[in-house]
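A quick note: this is a predicted structure, and the numbers were derived from the prediction, not measured.
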Amino acid sequence: MKVFGSSGVRGVANEELTPAFVHRIALAAGTVWSADAAAVARDTRTTGRMLADSAASGLAATGLDVHRLGVIPTPGAQAYAEREGVPVVMVTASHNPPEYNGVKLVGADGVELSRDALERVEERLLAEQFDTATWDETGETVVVESARRRYIEELLAAVDRETIADADLTVALDPGHGAGSLTSPTFFRKLGCRVVTVNAQPDGHFPGRDPEPVPGNLEDLGRLVRATEADVGIAHDGDADRAIFFDEHGEYMEGDATLAALAAADLGSGDTTVSAVNVSQRLVDVAEANEAALDLTPIGSTNIITRIRELHRADEHVPVAGEGNGGVLFPDYRLARDGAYTAARFLELLADATASEVVDPYDGYENVRVNLEYESEDEREAMLAAAEQYASEADAQPTTIDGYRLDYGDAWVLVRPSGTEPVVRVYAEARGPDRASALAEEVRAALADARADA
Ligand code: MG
C-alpha cells in the first residue's frame with residue numbers, strides 16, 4: 001500500500017495532508033462502503049474541523065448521510081461505529097506533534113479497516129474512480145450530540161465499578177489537551193475516583209505538552225501525583241487510545257511493565273496474547289507463567305489487530321494484547337485500543353496493591369538499544385546478512401517476520417533496520433543484569449565487522 005501506513009494517513013496539515021486530499025479519501029471510502037451513512041469524528045487539533053468538513057463533504061457526495069460526532073477519542077468513535085453500525089472517518093494524528101493531522105478509517109463493526117479493505121479504498125483513491133451521487137441523492141448531515149456521553153456510559157458498564165470505587169483512589173490525569181480531555185475526567189469521577197488534572201482543557205495548540213505520552217513530556221504529571229498524593233497518574237495521547245501510568249511516588253512506569261501486569265491479570269491457560277517483534281521479556285515471562293501462547297507480529301497496532309482477527313477465526317481466545325507504548329487491546333471488550341478502558345482495568349488492580357507494587361514483579365529487566373549507521377545500501381545489506389548468519393548459528397528461537405529476533409528463554413535480541421533513518425537497530429532485553437548488554441555487544445560487533453568489510 002502506498003497511501004495508508006500502519007496507522008492510517010498522517011502528514012503536516014494543509015501541506016502534506018490537505019483538505020482536498022482528505023476529500024478524495026472520503027470520496028474513495030464512501031464509494032467502497034456499502035452503507036447508508038458514515039460518521040466523521042476528530043481529535044482536538046486546530047486543523048481538525050477543517051479536515052472533518054472535507055471528509056463530511058466527500059462522504060455526502062457519494063450519497064452517504066453523515067453523522068457529525070465532533071471531538072471524541074478514537075475509541076469513542078469506534079464505540080459509536082459498532083453501536084450504530086456505521087463506518088467512521090476519524091480525523092486524528094494520534095501522538096504526532098500539533099502541526100500534524102491524519103485520517104483513520106473504521107469499519108461498521110468498530111474495528112479499524114483490514115489491510116484488504118484499505119487496499120480497496122486506496123485503489124479507488126489512486127484511480128480517482130468515485131461513485132458520486134446525483135444532486136437529489138447526496139447525503140444529509142446529522143449532528144450527533146450524545147456520542148461522548150454514550151461512550152462514557154458504555155465504558156462504565158464494561159468495567160468493575162464497585163472494585164474501583166471501593167479502592168477510594170485519587171487519580172492524577174493528563175489527557176494532554178487531546179480528545180480524552182472531554183471524556184476521561186468525567187469517566188474516572190463516575191468510577192468514584194477523586195480526579196485531579198493537568199493539561200485537561202482541549203486545545204489544538206497543545207500549550208502544556210506535546211501529544212505523545214513519553215516521559216519527557218510528562219514531568220508535570222509526575223509533579224501533580226506528588227503534590228496531590230495521588231494513587232496513580234494516567235496520561236493519554238492526542239486521541240486517547242493509549243494510556244501511560246505513573247506510580248504513587250510520581251515515577252513513570254514502563255509501558256512494558258504495565259502491559260505485563262494487565263496481561264498477568266487476564267491471561268489463562270490455553271489463551272493467546274499478541275504483541276510485536278520488539279515485545280518485552282516481561283510479556284514473554286507472563287505468557288509462560290500463565291501457560292499462554294505469545295504470538296508476534298510486525299511492529300504496529302494494525303498488524304496486531306490483523307493477527308487477532310486470524311486467531312479469532314481459528315477460535316483462539318485472546319483476552320489481552322498490545323505494545324509497550326501504552327496501546328493495549330482487550331479484544332473481549334472490543335478489537336480496538338482504548339486509553340480510558342485500559343486505565344480502568346489498571347485501576348481494578350489497585351484494589352489490593354499500590355501501583356508500584358503492581359508492577360514490582362516486572363522491575364529489574366535490562367533493556368539495551370544500539371544504533372548502527374550505514375552510508376550505502378551495500379553496508380546495510382552486509383549488516384543484515386551478518387544478522388541472518390548470526391541468527392542461523394544462535395541457540396535461540398528465531399522470528400524473522402520483521403527483522404531478526406532471537407529468543408533465548410531468559411533474554412532476546414532483535415536486529416531491525418529503521419523505517420525512517422539510515423540505521424540498523426539492535427535491541428536486547430533480559431530478565432537479569434548485564435546479559436542484555438553482553439548480547440547486544442556481541443551482535444553489534446558482528447554487524448560492525450560486516451559493515452567494515454562491505
Ligand atoms: Mg493514538
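- Of the possible polar contacts, one joining the Asp237 side chain to the Arg242 backbone as a donor-acceptor pair under 3.5 Å is found.
- Between the side chain of Ser54 and the backbone N or O of Pro19, at least one donor-acceptor pair lies under 3.5 Å.
- Listed for the Thr342 side chain is no donor-acceptor partner under 3.5 Å among the backbone atoms of Ala243.
- The aromatic rings of Tyr341 and Phe330 sit perpendicular, their planes meeting at an angle over 60°, well past the 30° parallel limit.
- In summary, Arg313 and Glu310 do not engage in a salt bridge, as defined by a charged side-chain N under 4.0 Å from a carboxylate O.
- Salt-bridge check for Asp410 with Arg431: failed, with every basic side-chain N at 4.0 Å or more from each acidic carboxylate O.
- For Glu316 (side chain) and Asp271 (main-chain N/O), no donor-acceptor pair under 3.5 Å exists by modelled atom type.
- Here the OG1 atom belonging to Thr183 is positioned 8.0 Å from the CG atom belonging to Leu155, to the nearest 0.5 angstrom.
- Distance check: Asn278 CG to Trp412 CH2 gives 6.0 Å after rounding to the nearest 0.5 Å.
- Within the model, atoms OG1 of Thr46 and CZ of Phe206 stand 8.5 Å from one another, a figure rounded to the nearest 0.5 Å.
- Environment of CD in Glu441: crowded, with over 12 heavy atoms of neighbouring residues, nucleotides or ligands closer than 6.0 Å.
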(Q) The test is side-chain hydrogen bond (donor to acceptor under 3.5 Å, both in side chains); show your working for Asn303 and Thr297 and say whether it passes. (A) CA-CA 6 Å; Asn303 296 312; Thr297 72; 5.3 Å; no
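- At most 12 heavy atoms of other shown residues, nucleotides or ligands fall within 6.0 angstrom of atom CD in Glu291.
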Q) Step by step, would you call Leu169 with Val232 a side-chain contact (heavy atoms from CB on, under 4.5 Å)? A) CA-CA 8 Å; Leu169 300 169; Val232 63; 5.5 Å; no
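- Taking CZ of Arg189 as the start and CG of Leu173 as the end, the distance is 8.5 Å to the nearest 0.5 Å.
- Proximity of Glu248 to Ser356: side-chain heavy atoms (C-beta onward) are separated by under 4.5 Å at one or more points.
- Between Phe246 and Tyr252, the ring planes are perpendicular. Angles over 60° get that label, and only those under 30° would be called parallel.
- For the residue pair Asp174/Asn199, the side-chain donor-acceptor check at 3.5 Å is satisfied.
- Looking at heavy atoms from C-beta onward, Arg209 lies out of side-chain contact with Asp220 at the 4.5 angstrom threshold.
- Under the 3.5 Å distance criterion, the side-chain polar atoms of Asp210 are left unmatched by any main-chain donor or acceptor of Glu212.
- For the side-chain hydrogen bond (donor to acceptor under 3.5 Å, both in side chains) test with Asp241, the passing option among His95, Arg337, Gln78 is Arg337; the others fail.
- Leu384 is listed as a side-chain neighbour of Pro417, based on a closest heavy-atom distance under 4.5 Å.
- The distance from atom CG of Asn14 to atom CG of Asn101, rounded to the nearest 0.5 Å, is 10.5 Å.
- Between the side chains of Thr163 and Glu348, no donor-acceptor pair is found at a separation under 3.5 Å.
- Of the inter-residue distances, the one linking Ser301 atom OG with Ile305 atom CD1 reads 4.5 Å to the nearest 0.5 angstrom.
- Checking side-chain atoms of Thr44 against main-chain N and O of His177 turns up a donor-acceptor pair under 3.5 Å.
- Counting only heavy atoms from C-beta outward, the side chains of Val171 and Leu347 approach each other to under 4.5 Å.
- Using a 4.5 Å heavy-atom cutoff, the side chains of Leu218 and Pro213 are in contact.
- The backbone N or O of Ser94 lies less than 3.5 Å from a partner atom in the side chain of Arg45, making a donor-acceptor pair.
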Q: Would you sort out whether Ser181 and Gln201 count as a side-chain contact (heavy atoms from CB on, under 4.5 Å), showing the intermediate values?
A: CA-CA 6 Å; Ser181 306; Gln201 78 279 30; over 6 Å; no
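- Inspection of the Ser184 and His236 side chains reveals an N or O donor paired with an N or O acceptor under 3.5 Å.
- A donor-acceptor contact closer than 3.5 angstrom links the side chains of Asp43 and Thr92.
- Considering all non-hydrogen atoms of both residues, Ala257 and Tyr362 come closest at O-CD1, 3.7 Å.
- Residues Asp53 and Arg49 are paired through a salt bridge, judged by an N-O separation under 4.0 Å between the basic side chain and the carboxylate.
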Q: Check the pair Thr18, Val22 against side-chain contact (heavy atoms from CB on, under 4.5 Å), reporting the backbone distance first and the verdict last.
A: CA-CA 6 Å; Thr18 61; Val22 172; over 6 Å; no
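- Asp338 has its side chain within reach of Tyr151: a pair of non-hydrogen atoms, C-beta onward, lies under 4.5 Å apart.
- Nearest heavy-atom pair, Ala147 versus Tyr80, reported as atom, atom and distance to 0.1 Å: CB-CD1, 4.2 Å.
- With 3.5 Å as the limit, one finds no donor-acceptor pair spanning the side chains of Thr272 and Asp295.
- The backbone N or O of Gly409 sits nowhere less than 3.5 Å from a side-chain atom of Asp407 that would complete a donor-acceptor pair.
- Taking a cutoff of 4.0 Å between a charged side-chain nitrogen and a carboxylate oxygen, Asp266 and Arg345 qualify as a salt bridge.
- Residue-environment remark: CD (Glu162) stays at or below the threshold of 12 foreign heavy atoms within 6.0 Å.
- If you check the side chains of Tyr365 and Asp285, you find a donor sitting under 3.5 Å from an acceptor.
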Q: Take Leu113 and Trp33, measure what side-chain contact (heavy atoms from CB on, under 4.5 Å) needs, and give me the verdict at the end.
A: CA-CA 11 Å; Leu113 291 195; Trp33 282 336; 4.0 Å; yes
Q. Could you go step by step and tell me if Glu442 and Tyr390 meet the side-chain hydrogen bond (donor to acceptor under 3.5 Å, both in side chains) rule?
A. CA-CA 10 Å; Glu442 202 174 295; Tyr390 186 91; 2.8 Å; yes
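- More than 12 heavy atoms of other residues, nucleotides or ligands lie within 6.0 Å of CD in Glu357, so this atom counts as buried by the packing criterion.
- Of all heavy-atom pairs between Leu17 and Gly102, the closest is CD2-N, 3.4 Å.
- The two residues Arg334 and Pro75 make their nearest non-hydrogen contact at NH1-O, 4.4 Å.
- Looking at Asp402, its side chain does come within 3.5 Å of a backbone N or O of Ile299 through a donor-acceptor pair.
- Looking only at distances, no side-chain donor or acceptor of Arg161 sits under 3.5 Å from a matching main-chain atom of Gly192.
- Side-chain atoms of Glu366 and Ser437 form a donor-acceptor pair, as typed in the model, at a separation below 3.5 Å.
- When all heavy atoms of Ala276 and Leu296 are compared, the closest pair comes out as O-CD2, 3.6 Å.
- Under 4.0 Å is where a charged nitrogen must lie from a carboxylate oxygen, and between Glu429 and Arg282 at least one such pair does.
- For the pair Ile234 and Phe188, the minimum side-chain heavy-atom distance is below 4.5 Å.
- Arg223 places none of its side-chain heavy atoms less than 4.5 Å from the side chain of Val198.
- In this structure, Glu154 pairs ionically with Arg83, as a charged nitrogen and a carboxylate oxygen lie closer than 4.0 Å.
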